[in-house]
Amino acid sequence: MIRVLRVTRKILIVFGAIVFLAAGWACAPDFAVAVFSYKRHPDLPRSKFLDGQLGVLRPTYARSYLVIAYRHLTGIGLSRGEKEQARDYYKDRATGWWDRNDVDWQARYRLARGRVPLPAPATRNPVTRGELAYKENTNSFALNCVDDAYRTALHTLESRIGKFGPKSAAVREWSSAQDQVFHNCDTRPAVFPPPAARDLPPIIRADREYQIAAAHFYAGSYEQARGRFAAIGNDPASPWQPISRYLVLRTLGRMRSGASTASLKPVAAAILADPKLLPIHGMTAALLHRFEIHDGDPVYLHELAKTVSSRGQENGLREELWNFGTVYDAQIGDGDPNAVFPPDKPTKPDLKAFREDDLTLWIFLFQSRDPASAKLCFTRWQQTHSLPWLVAALTHASYADAERIGLLEAARAVPPESPAYVTVAYHYFRLLLEHGDNEPARAGLDAVMNRGGVASQKSVVNLFRGLRLMAAPNIDEFLKLAPRQPTLITDQMNIGEEPEIKGGGWAQKQFPSSLFRFAPDSTGILNRRVPLKILREAATNNALPAHLHRELLLTAFARAVILKEDAADLARSLSTAAPEIENFAATYQKESTAEGRRFAGVFFLLHQPDVRPFLVSGISRQSPNGRLDSFRDNWWCPLAVTDDWNSKVSDRWVGRQAEWQKPAQSDAFLSKSEVAAADQEFAEMSRAGSGPTFLGSVVLSYAKAHREDPRVPEALHLVVRAVRYGCTDSQSSNIARDAFRFLHLNFPNSIWTKRTPIWG
């Protein structure tokens, strides 16, 4: 009976393991990644960007940021009200929390209302939040009081308190009436403020007329609301005259309930034709689009572009940005070069659809990846000599292009206080480095990086450090610039580069962004252009943070073992940098032959699943050093990856191939002969195959000649383990089989043989 129970328990354990694995395979795991400079949006919080500190503008930014950048580049900028509108736009896009300063206008209004010595209004319903009206005919809720209502009330109350004082009769009357207005947002029966007493100040009486109209609007008594807003709109003495003209249109929109919009057009046209109503032109045009008047209108995109790139959008920029993005997206369709999920067969958009206004054409050409777009940017800059087109031309230019048409001279003339300065400086020095002018690039980059506006933005710092890295005159200076602090640690599914939620997600908690890491441009140079001779020098100095120093030492040591080079100096440094493996150096140095040292090196590497002969940028590995990784991120895959059904390639491996692609950037401290030596070494490492295959082949060769070595049984066991849990190639299975057979035939009583019951 006892034996049956034990068997049953084993079956349950196996069944549980199968269920666990099935659950694990049901969806791909999340892997941590480091973002060094944002591609989808500017640095956070976005307040600096809204103020005109644009950083390095990137073609991959969402188009709303490019609209705002264009306004700053053309000198229009954003007024205080337009900045509020932009912040509310990002709140609408559900990204307001990215800035950690999301404005809750309702809460701010209630705080100001608390200063008035009157009984507090009823607390908001947790379901409706003081915003949603219940619709009996559909048994549903609809948004009734939007943020703008509470924002307008806040600014008005603050103004009246400033004029009359919070305890004055005027402010108490105003607040009491406003309580009734907001009561109608989500509560029935509706209530309405009474007419203002004759002894109240004129501005409070004017406010009261507007409050009564608003109370009817939120109560759904639209005929009353329309008539009252129309009367206020005809009163030149009322401070609410302009906005009431717009609210007549809003009220008509709610009244139409899907009926013809013909009655709305004359009202909207009258507003848009009146130059005195310029502040509400944008919001009126946006409302027209909401009413579907402009559906199918080919000129609407360009009308919107002219609006969003003009001053006076304090009341409409929020919705204009929405509409511009929506219509632009519809125009570019499957030809969007920055689509998060591009179609299988992208189309080439028709340039004619974007030519009619400067803003739309600038965004289209700035974001385009078509080589022909560069020439169009050059032509446009030569025609306008404007900052937006200088930025676009420089972004697309090669050094030869820039010198030929005068871009370099124009770039030097941009003053530091210009919103274009950082972007222009970045591309100016990029072009100098492309041309090999490293010395002036070094001096100029150092000057720019010491400026406060650059140093305060992580993405900008990392981009400029990347350029400065390419101008490093020696390996020591290169290593000082190679580590960078990520702007964000997240998972690979976060393609929008959203910041982690408050308190940090799992990636941020496990890998804090405060820790310096190698960026891709650093690893590209060290992996493919630096020969072992220089890498050895780099690894044995202490210029790097401890965790990066350990990674570089292991990389150099693995490379030396593969290339059959003596690594005694690296072994000594490893014992200092990684005390947990301090005994290794002594073991390695005791070997008197090259064969013995190579085996000792491989024996050590088999104990270090985190080792590779190349560096990985960002989060190099998620499992602790020396531990097996659950997702086969152990040792290294073949550097020449092929589609091979016999291999077990980590899901991350395809993305990591970029780590050993030969970079095109210049690197001042390397000679042609050194780069050629690095190429030869890389070819030899590629021929060695995957980590498990290389390590196993060395162990088998040594074991056949040195059966008496007490380390051999353990090494054979570790080879089988490496093939089972590591990244493999088509030869790895044969290596594991041969190691298993040799172990069992020659060391049947070894503890390592008992720990190796299978090889497949």
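Counting only distance, with no hydrogens or angles, the side chain of Gln485 and the backbone of Lys458 share no donor-acceptor pair below 3.5 Å.
A salt bridge links Arg160 with Asp207: the distance from a Lys NZ or Arg NE/NH1/NH2 to an Asp or Glu carboxylate oxygen falls below 4.0 Å. Between Arg465 and Asp521, none of the side-chain N atoms (NZ, or NE/NH1/NH2) sits under 4.0 Å from a carboxylate O, so this pair counts as no salt bridge. A salt bridge links Asp51 with Lys83: at least one charged nitrogen is closer than 4.0 Å to a carboxylate oxygen. Of the charged side-chain nitrogens involved, at least one lies within less than 4.0 Å of a carboxylate oxygen, so that Arg468 and Asp446 count as a salt-bridged pair.
A centroid separation of less than 6.0 Å is found between the aromatic rings of Trp362 and Tyr70. Ring to ring, Tyr38 and Tyr61 are not that close: their centroids are 6.0 angstrom or more apart. Here the two rings, on Tyr222 and Phe229, have centers that are 6.0 Å apart or farther. The aromatic ring centroids of Phe464 and Phe429 lie 6.0 Å or more from each other.
For the residue pair Ser373 / Asp370, no side-chain donor-acceptor distance below 3.5 Å is found, with atom types taken as modelled.
Atom CG in Asp334 sits 5.0 Å away from atom OG1 in Thr347 (nearest 0.5 Å).
Side-chain contact between Lys276 and Arg245 is absent, with no heavy atoms from C-beta onward closer than 4.5 Å. Looking at Thr487 and Glu497, their side chains never come closer than 4.5 Å, going by heavy atoms from C-beta outward. The closest side-chain heavy-atom distance from Val414 to Leu387 is below 4.5 Å. Annotation: side chain of Gln178 is not in contact with side chain of Thr156 (no heavy-atom distance under 4.5 Å).
Counting only residues at least two apart or in different chains, salt bridge (Lys or Arg N to Asp or Glu O under 4.0 Å) contacts with residues 54-65 comprise Arg63-Asp329, Arg63-Asp336. Applying the salt bridge (Lys or Arg N to Asp or Glu O under 4.0 Å) rule to pairs touching residues 352-367 yields Asp358-Arg380, sequence neighbours excluded.
Each of Phe354, Trp322, Tyr300 was compared with Tyr328 under the ring pair (Phe, Tyr, Trp, His ring centres under 6.0 Å) criterion, and only Phe354 meets it.
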